[in-house]
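These notes concern the structure reproduced below.
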Number of protein chains: 2
Amino acid sequence: MESLLRYFDMLCLIPKAPNSISTPEILEKLQNMRYAVDLRTVQRDLVKLSASPLFPIANTENTKPLRWFWIDNSSPMQLPMMSTDEALTFKLAEMFLEPLLPPSVRGRLTGYFDLADKRLKESKFEHWIEKVGVVPNNLPLLPAEIEPSVLAVVYEALLKSLRFKATYQAVNKSPKTYEINPLGLVFRHNSIYLVATIFDYTDVKQLALHRFKDAELSDRVVLVPTDFVLNDYITQGSFSYPVDNHLEEITLKLKVNVFLKQVLLETPLCAKQKISDIDEKHYLLEAIVTNTEQLHWWLRSFGTGIEVLEPLELRQAFALEVKALSKMYC
Amino acid sequence: MESLLRYFDMLCLIPKAPNSISTPEILEKLQNMRYAVDLRTVQRDLVKLSASPLFPIANTENTKPLRWFWIDNSSPMQLPMMSTDEALTFKLAEMFLEPLLPPSVRGRLTGYFDLADKRLKESKFEHWIEKVGVVPNNLPLLPAEIEPSVLAVVYEALLKSLRFKATYQAVNKSPKTYEINPLGLVFRHNSIYLVATIFDYTDVKQLALHRFKDAELSDRVVLVPTDFVLNDYITQGSFSYPVDNHLEEITLKLKVNVFLKQVLLETPLCAKQKISDIDEKHYLLEAIVTNTEQLHWWLRSFGTGIEVLEPLELRQAFALEVKALSKMYC
DNA sequence: TATAAAAACGTCCAATTTTGTCGCATTGAT
DNA sequence: ATCAATGCGACAAAATTGGACGTTTTTATA
């Protein structure tokens with residue numbers, strides 16, 4: 001029994017394909033875990049485990065301290081097994097993430113999605129896919145593709161707080177190589193932006209990940225500008241979203257049609273939202289929300305389905321906009 | 001070694017907490033897998049495994065064929081271990097799914113999100129969360145909550161093609177109990193709809209999952225109406241989304257401002273999209289897209305930022321709408 | 001209620017597996 | 001060239017495993 005646990009811990013110590021661990025390292029870690037074992041035993045165990053098709057591990061045959069790793073692209077095995085509930089939810093998540101995440105990011109989860117597929121298949125629930133549909137409520141734009149190797153370096157640099165060297169091609173410019181001092185990642189309409197400083201300058205820049213041509217990790221540590229907090233940086237309007245550079249709670253009063261009344265009954269704007277009748281076809285909606293650019297987009301998107309009553313400033317802003325639109329379309 | 005594999009397969013046979021498997025059943029399945037073992041061995045092994053804190057499995061102590069299951073909702077263990085890349089991607093997925101999936105649905109993945117957290121923590125990458133942000137491009141509405149037990153029954157009914165009995169409360173009506181003949185699930189603005197027929201009627205209904213009070217699986221098999229295909233049902237406009245009840249490819253010509261030009265350069269409307277200059281501040285965008293209600297929402301949401309030039313019918317529709325809006329806001 | 005079958009559990013003991021040790025070959029660094 | 005580290009084969013001692021059998025408890029059936 002003791003040995004079973006040791007096998008398990010040993011398998012946990014072995015990393016996935018690009019990485020590896022040497023036999024002596026495994027021995028050391030096992031001994032730290034209070035396993036009194038010999039190096040010879042570890043060697044034998046590894047050979048035994050790798051012989052089984054259940055554990056696709058292999059070693060670098062030409063190096064002398066042999067290095068062990070899991071042969072990749074195999075979906076992970078897990079205990080307890082993925083339930084059909086979970087499997088189905090994974091497939092739903094995949095459908096939702098499809099238009100949101102660039103393939104290279106989503107690709108890091110394919111092992112799990114495959115596992116879910118396998119699970120549903122072996123349970124003879126193959127026909128589930130014909131029974132599920134998603135009707136998106138926003139226009140699916142094509143996510144910009146990111147060079148997978150760039151993504152890997154950026155991830156690692158952020159996690160380990162290290163700088164990296166990269167070639168970046170700004171719009172309509174020729175590619176240039178910089179040393180990037182990464183501060184954070186921001187996802188914004190299907191694109192990923194790296195918030196960073198460059199070389200030893202102190203001004204914070206936004207760099208679209210899909211415009212990097214290549215990247216290579218450096219060993220210099222990241223220098224965070226004093227008082228820099230990513231969340232503050234975002235809400236300060238650096239991504240030009242919040243209205244008037246500050247977030248304000250407003251009491252919204254809208255006149256909405258039947259369709260929107262129905263939508264908002266099911267998915268409210270806020271927890272304390274109120275809906276009352278105005279006439280047969282129109283309803284008064286009251287809710288407290290933050291006044292963001294997203295709110296404005298949402299309000300505009302329904303056209304004549306929504307009339308903004310209050311706050312007055314918002315109504316006036318919409319009135320002005322409608323005038324401008326009238327001129328546009330004559 | 002043989003025994004290690006048997007232990008592994010045995011652990012795979014044991015289901016998660018609400019479900020269970022009896023010792024003789026395990027024996028039978030193991031023998032089907034060509035393990036020549038004695039019942040006594042299986043019993044001993046199960047006791048040994050459950051003694052280890054690594055494998056939180058337990059049995060029902062009062063029944064006589066003992067039934068085994070994995071205890072609690074602890075996060076699954078997996079081999080090979082989740083890489084930090086995967087862990088980070090899981091956390092990103094969680095951020096994206098937060099406003100999209102109702103908690104009871106998302107809840108089925110918390111084990112994995114927790115695992116990702118654990119992984120990031122033990123790798124000393126605890127500060128990653130301060131380094132990642134999401135700027136949503138649509139207004140987050142509150143997803144309607146669904147009774148978890150209802151969701152479980154609906155999932156199971158759909159997977160196993162069984163009917164279920166449920167109490168449903170339509171808007172402004174008192175709850176009633178029906179026998180539901182489920183055909184499919186559709187996700188639509190953060191709500192989940194069950195497409196189904198009721199009793200032995202043949203008309204297809206849409207039932208919001210969050211309006212079910214309770215549900216109980218029946219043993220009657222689902223009867224699919226002849227020619228019913230969920231995807232056709234959706235695209236036929238049953239969810240009132242596609243324009244004019246049919247999907248049409250149109251060549252869109254838009255006059256857009258700098259902001260939108262930038263957005264569309266990064267996340268195009270379609271693969272063959274063209275952008276050219278009109279004047280210093282405006283750009284001509286040409287793309288082939290399907291003419292859906294979502295497209296109209298998207299076009300409207302930018303207000304004066306977009307002027308629809310072609311197709312002419314669309315321009316005229318927008319012109320009419322602007323006139324109506326003018327009247328609304330005087 | 002009686003009876004039989006099934007399952008759990010304790011124990012013994014032989015067969016098997018595991019593991020430490022030693023010796024030797026190979027590799028890489030100093 | 002030399003030394004330390006590693007891999008690997010062999011062997012024997014130690015530990016574990018797993019079948020056999022018996023007893024007790026529970027469940028199903030007549």
Side-chain angles (χ1 to χ4, degrees), chain A residues 1-15 17 19-71 79, chain B residues 1-15 17 19-71 79:
Chain A
M1 201 59 217
E2 169 90 356
S3 61
L4 172 66
L5 298 183
R6 200 186 59 236
Y7 288 134
F8 231 92
D9 282 321
M10 214 157 73
L11 287 169
C12 285
L13 290 174
I14 301 173
N19 301 311
S20 63
I21 187 171
S22 72
T23 321
E25 282 173 316
I26 296 179
L27 174 67
E28 194 198 325
K29 298 215 173 185
L30 283 177
Q31 286 176 336
N32 289 343
M33 293 181 193
R34 314 277 175 173
Y35 288 108
V37 280
D38 195 82
L39 177 62
R40 187 72 191 92
T41 304
V42 176
Q43 292 172 347
R44 270 189 295 233
D45 289 347
L46 284 165
V47 172
K48 267 192 287 185
L49 287 172
S50 63
S52 160
L54 238 177
F55 310 107
I57 59 175
N59 59 27
T60 54
E61 289 172 28
N62 42 355
T63 64
K64 204 50 193 197
L66 291 178
R67 303 194 65 85
W68 294 86
F69 52 88
W70 286 83
I71 301 171
L79 294 172
Chain B
M1 201 57 215
E2 169 88 357
S3 63
L4 173 64
L5 297 183
R6 199 185 58 235
Y7 287 132
F8 230 92
D9 282 323
M10 211 157 74
L11 287 170
C12 286
L13 290 174
I14 301 172
N19 302 311
S20 62
I21 186 170
S22 73
T23 320
E25 280 173 316
I26 295 179
L27 174 68
E28 194 198 325
K29 298 214 173 186
L30 283 177
Q31 286 176 336
N32 288 343
M33 293 180 193
R34 316 278 175 173
Y35 288 109
V37 281
D38 195 81
L39 176 63
R40 186 71 191 94
T41 305
V42 177
Q43 292 171 348
R44 271 188 294 235
D45 289 348
L46 284 165
V47 172
K48 268 192 286 185
L49 287 172
S50 63
S52 159
L54 237 176
F55 310 107
I57 58 175
N59 60 26
T60 54
E61 289 172 27
N62 42 355
T63 64
K64 210 46 196 198
L66 260 48
R67 302 194 67 83
W68 294 86
F69 53 88
W70 287 82
I71 316 172
L79 293 173

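What you see is a predicted model, and the numbers here were worked out from it, not measured in a lab. Naming: A, B, ... by sequence-line order, numbering from 1 per chain.
Summarising the geometry, the separation between CG on B:Leu30 and P on D:dG19 is reported as 12 Å, rounded to the nearest angstrom. At whole-Å resolution of the value, CD in B:Glu25 and C1' in C:dA7 are 13 Å apart. Atoms CG (A:Leu46) and P (D:dT6) sit 14 Å apart, rounded to a whole Å. In this structure, A:Asn59 places its CG atom 15 Å from P of D:dT6, rounding to the nearest Å. Atom CZ in B:Arg67 sits roughly 17 Å away from atom P in C:dA6 (whole-Å rounding). Here the P atom of nucleotide D:dG18 and the CG atom of B:Leu5 are 12 Å apart, to the nearest Å.
Between B:Leu46 and B:Thr23 there is a side-chain heavy-atom pair separated by less than 4.5 Å. When side chains are defined from C-beta on, B:Phe8 counts as touching B:Leu79, because their heavy atoms get closer than 4.5 Å. Side-chain contact between B:Arg67 and B:Glu25 is present, with heavy atoms from C-beta onward closer than 4.5 Å. Counting heavy atoms from C-beta on, the side chains of B:Leu5 and B:Met33 never come closer than 4.5 Å.
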So which protein nitrogen or oxygen atoms get under 3.5 Å of nucleotides 17-20 of chain C's nitrogens or oxygens?
| from | atom 1 | to | atom 2 | distance (Å) |
| --- | --- | --- | --- | --- |
| C:dT18 | OP1 | B:Met1 | N | 2.9 |
| C:dT19 | OP1 | A:Arg6 | NH1 | 2.9 |
| C:dT19 | OP1 | A:Arg6 | NH2 | 3.1 |
| C:dT19 | OP2 | A:Arg6 | NH2 | 3.0 |
| C:dG20 | OP1 | A:Ala36 | O | 3.2 |
| C:dG20 | OP2 | A:Asp38 | N | 3.2 |
| C:dG20 | OP2 | A:Thr41 | OG1 | 2.3 |
| C:dG20 | N7 | A:Arg44 | NH2 | 2.8 |
| C:dG20 | O6 | A:Arg44 | NH1 | 2.9 |

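Summarising the geometry, atom CG belonging to A:Leu49 is positioned 13.0 Å from atom CZ belonging to A:Arg44; distances are rounded to the nearest 0.5 Å. The CZ atom of B:Phe69 sits 6.5 Å away from the OG1 atom of B:Thr60 when rounded to the nearest 0.5 Å. Atom OG in A:Ser50 sits 10.5 Å away from atom CH2 in A:Trp70 (nearest 0.5 Å). Atom-to-atom distance recorded for A:Leu66:CG and A:Gln43:CD is 8.0 Å, nearest 0.5 angstrom.
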Give the B/S/- string for nucleotides 23-30 of chain D, one per nucleotide from 5' to 3', where a protein heavy atom under 4.0 Å of the base yields B, of only the sugar-phosphate yields S, and otherwise -.
---SS---
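Comparing the local axis fitted to the first five base pairs of the helix from C:dT1-D:dA30 to C:dT30-D:dA1 with the one fitted to its last five gives a bend of 50°, rounded to 10°.
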Ring pair (Phe, Tyr, Trp, His ring centres under 6.0 Å) between A:Phe55 and A:Tyr7, worked out:
CA-CA 11 Å; A:Phe55 310 107; A:Tyr7 288 134; 8.8 Å; no
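Among the atoms of the strands shown, none is found under 4.0 Å from any heavy atom of A:Ser22.
Between A:Trp68 and A:Ile26, the shortest heavy-atom contact is CD1-CD1, 4.4 Å.
With respect to A:Asp45 and A:Lys48, a salt bridge is recorded, a charged nitrogen being found less than 4.0 Å from a carboxylate O.
An OP1 or OP2 oxygen of C:dC9 is reached within less than 4.0 angstrom by no side-chain nitrogen or oxygen of B:Gln43.
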